[in-house]
Amino acid sequence: MLRLGVIIGAIALIGTVLSGLAAYRVHDQELAIDRIALARAIDVHASLVQDRLTERELLARVASRLFRTPTVIRANMLQPLRAAIYAFKTDFVVAAWVARLKPDELPAARSELQRSGFANPNIRNFDDKALEQQTLDHPVDVLMDLEPRNPETAPLAGTALDGHPVFGPMLARAMAEGKPIASDPTPLLRASGPIGLILAAPVVLDDASSPAGFVTFSYELGPLMLTNDDLSLFSVALKDPRREASELIANDQGVVTTRTRAPEAAQPSAARTVTFGNRDWSLVYYAKSNSVRRAQQTAAIVAVIGLALTGIVCGLFGYVAYNNLRLSQEIQVRIGFERRLTAVIDELNHRVKNILAVIQSIVTRTLRHGSDIDVARELLIGRIHAMSNVVTLLSESQWQGVHLRGLFEARAIPHAERIAISGPDITVSARAAQSLSLLFFELASHSDEGLSLVGKHPHITAKWEVTGEEPDTVFQFRWEEFNTSAATRRPDSDFGLILLDRVAPEALGGTSKRYFTEASYVYELTAPMMTVVDMSERDRTEKFSAPVRPPR
C-alpha cells in the first residue's frame with residue numbers, strides 16, 4: 001500500500017510539473033501574440049489617421065493657391081472653390097474666407113457684406129461689439145465668406161477674428177510662417193457645438209510679401225482622429241495640448257468629451273504622434289482587453305487540462321488503493337456495528353427491566369391482600385394497557401419522546417374523548433411519558449360517578465403550560481373534574497394515591513397537590529421542564545439509533 005502511494009505521488013508530481021511548464025509556455029506565447037496584434041492594429045490606425053490629416057492639409061494648400069483676384073474685399077471669394085472643395089472632401093463643417101483688411105477698407109467690406117445679403121453686415125469683434133475704425137492702427141482679419149451658407153453660419157460673417165482666443169493665435173502663426181496652421185481643439189459654430197479643429201491656410205497674391213487673407217476649414221475631431229470602433233482592440237484618445245493631464249475621447253456616437261487622467265489611472269498601451277497643420281499631435285491608445293488576464297486564463301485552461309489528465313492516470317493507479325481502503329472501512333463499520341448492537345441490546349435490557357419493574361409494582365399494588373378481585377382486574381388491565389400504549393408511542397418515535405397530546409389522542413385513557421385538553425404540544429421524555437400515562441389513567445378511571453351527571457358533554461379539563469425563562473422553565477399541569485364532589489367521586493385506590501402524591505412527582509422531580517372545590521375535583525402537578533423533557537436521555541437514544549458511519 002505504501003509503495004503504491006509512492007508511485008501515485010511520483011506520477012502526480014511529474015504531471016503537475018509538466019502541466020505547469022506547459023501553462024507557463026502558453027502564457028508567454030499568448031501574451032506575445034496579443035501584444036504584436038495590438039501594436040500592428042495601432043500602427044495601422046495611426047497611419048490611417050495621418051493619411052486623413054494629410055489629405056485635408058493638402059486640400060487647404062490647394063485652395064489657397066486658387067486665388068488670383070486683385071481684390072480680397074469680396075463676399076463671394078469661395079465661389080471658385082465651391083465645386084473644387086466638394087470634389088476633394090465633404091466632411092468639413094465650415095469652409096471660410098478670412099480677409100486681412102486695413103482700417104480704411106472696413107467701410108467697403110461692410111458694403112460688400114450688405115450687398116451679398118448678410119443680415120448683419122457690420123464689422124464687429126468676436127464678442128459682437130462694433131469696431132471703431134478711428135481706433136484701429138493695424139490690419140484686421142475679417143470673416144467675409146462661408147460655405148455652407150445657412151441660418152447657423154450666416155451670422156458669423158463680418159466677425160473680426162484677431163482677438164479671438166483660438167483664431168487669433170492660429171492666424172498670427174499662419175501669417176508668420178506662411179504655412180497651413182491648425183488651431184487648438186475648440187467648439188465649432190457655437191459654445192456648445194462639437195469639438196473640432198480649424199486649419200488656416202494663408203493666401204498670398206502675386207507680387208505680395210504678406211498674406212491677403214486665409215482660407216479656413218473646420219473639422220469635427222471625432223471623425224478626424226478619435227473614431228472608436230466597437231470591434232477594435234483599443235480605444236484612442238487625443239492628448240489635449242492645452243492641458244497636460246487632459247485627454248479628448250469620443251464615445252460610440254462620435255461625441256468628443258474631455259476627461260482628466262488621474263495619476264493612479266491605467267497607463268496607455270501605446271502612443272503615436274501625427275502631424276497636422278504644422279503641429280504634432282499625440283494619440284494615446286488603451287487596450288480594451290486585458291492581455292495579461294487573457295493569457296492567464298488560457299494558461300489556466302491548459303493547466304487544468306494537464307492536471308485532469310494527471311488525475312486520470314493517478315486514478316487508474318489509485319483504483320487498487322481505493323478498493324483496499326473500502327474493504328478496510330467495511331471491516332471497521334462491521335466492528336462498529338457489532339459494538340453498537342451490543343450497546344443497543346444493553347440499553348434495551350435496561351429499559352425492559354425498568355418496564356417489568358413498573359409492571360411488577362402495578363400488579364403488586366393492584367392485587368394487594370383484601371382487594372376486590374373484579375375491581376382489581378379492571379384496574380390492572382387498564383394500567384397495563386396504559387403502559388402498553390406509551391411503549392407503542394415511544395417505539396414509533398424511536399424512544400425520542402412522546403407528544404403530550406398523543407397520550408390523550410391514543411385513546412388509552414378512559415373517557416379520553418370527553419376530556420377537554422389545552423396546552424402547548426411539547427414532547428416529553430420516555431420516563432416522563434410513562435409516569436404521566438399512569439397518572440392520567442388513575443385520574444380518569446376514578447371519575448365514573450361524575451360522568452353520569454353530564455351525559456356526553458365534556459366535564460373534565462386537562463391543561464398544562466410552560467412558564468419562566470430558560471433554563472429555569474417550569475411545567476405546570478392541572479386536572480379538574482367538574483360536577484364532582486367528595487361524595488360523588490369514587491375514592492382513589494392506595495396505588496392511585498401513591499402514584500398521585502409520590503411516584504409521579506418524584507419521577508419528574510416536582511410536587512403535586514389535590515383538593516376539592518365547591519363544584520370540582522382538582523389535581524395539580526408542578527415540575528422542572530429540564531426533567532420533563534430530559535434532553536440527556538433523548539441525546540443518548542438518538543446516538544444509539546444513528547446509523548453507523550465508516551471512520552474518517
Side-chain angles (χ1 to χ4, degrees), residues 56-57 59-126 128 130-131 139-164 166-168 170-172 174-175 180-183 186 188-190 193 196-206 208 210-220 277:
R56 284 147 185 79
E57 189 170 342
L59 172 62
R61 291 180 182 273
V62 171
S64 65
R65 296 295 189 271
L66 295 178
F67 289 90
R68 292 294 183 268
T69 179
T71 177
V72 296
I73 309 176
R74 293 172 56 187
N76 61 347
M77 287 289 289
L78 295 178
Q79 186 62 34
L81 298 177
R82 282 184 168 88
I85 59 179
Y86 282 112
F88 278 99
K89 289 291 178 182
T90 60
D91 61 347
F92 63 85
V93 179
V94 177
W97 162 249
V98 180
R100 189 167 182 77
L101 305 178
K102 297 178 182 178
D104 57 358
E105 294 176 330
L106 295 182
R110 181 182 182 283
S111 300
E112 177 65 17
L113 292 173
Q114 187 174 14
R115 184 182 64 79
S116 297
F118 289 104
N120 186 4
N122 294 322
I123 308 301
R124 59 200 181 279
N125 208 340
F126 70 92
D128 212 28
L131 289 179
V140 180
D141 298 323
V142 180
L143 185 61
M144 294 294 294
D145 193 9
L146 302 103
E147 175 62 31
R149 288 190 185 183
N150 54 44
E152 189 174 17
T153 61
L156 300 177
T159 303
L161 303 177
D162 302 66
H164 193 278
V166 176
F167 281 89
M170 174 188 64
L171 297 177
M175 183 181 63
I181 299 298
S183 69
T186 183
L188 302 179
L189 298 178
R190 57 190 180 280
L197 297 178
I198 303 169
L199 183 65
V203 176
V204 181
L205 300 180
D206 296 338
S210 61
F214 306 90
V215 178
T216 66
F217 293 90
S218 302
Y219 298 96
E220 288 190 23

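Position 1 is the first residue of the sequence, and the numbers go up from there.
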Say you draw a straight line from [atom1] of [X] to [atom2] of [Y]; how long is it, rounded to the nearest 0.5 Å?
{"X": "E152", "Y": "R190", "atom1": "CD", "atom2": "CZ", "result": "5.0 Å"}
{"X": "E105", "Y": "R100", "atom1": "CD", "atom2": "CZ", "result": "11.0 Å"}
{"X": "L156", "Y": "D145", "atom1": "CG", "atom2": "CG", "result": "12.0 Å"}
{"X": "M170", "Y": "L197", "atom1": "CE", "atom2": "CG", "result": "10.5 Å"}
{"X": "E147", "Y": "N76", "atom1": "CD", "atom2": "CG", "result": "12.0 Å"}
{"X": "M77", "Y": "M144", "atom1": "CE", "atom2": "CE", "result": "9.0 Å"}

At their closest point, which heavy atom of [X] faces which heavy atom of [Y], and how far apart are they?
{"X": "F167", "Y": "I198", "answer": "CZ-CD1, 3.1 Å"}
{"X": "L101", "Y": "A109", "answer": "CD1-CB, 3.5 Å"}
{"X": "P180", "Y": "P202", "answer": "N-CD, 4.0 Å"}
{"X": "L143", "Y": "A96", "answer": "CD1-CB, 3.3 Å"}
{"X": "T159", "Y": "F126", "answer": "CG2-CA, 3.6 Å"}
{"X": "D141", "Y": "F214", "answer": "OD1-CE1, 3.8 Å"}

For this session: Let me know which of D162, L161, L106, I73 forms a side chain to side chain contact (heavy atoms under 4.5 Å, CB included) with V142.
Result: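 Exactly one pass, corresponding to L106.
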
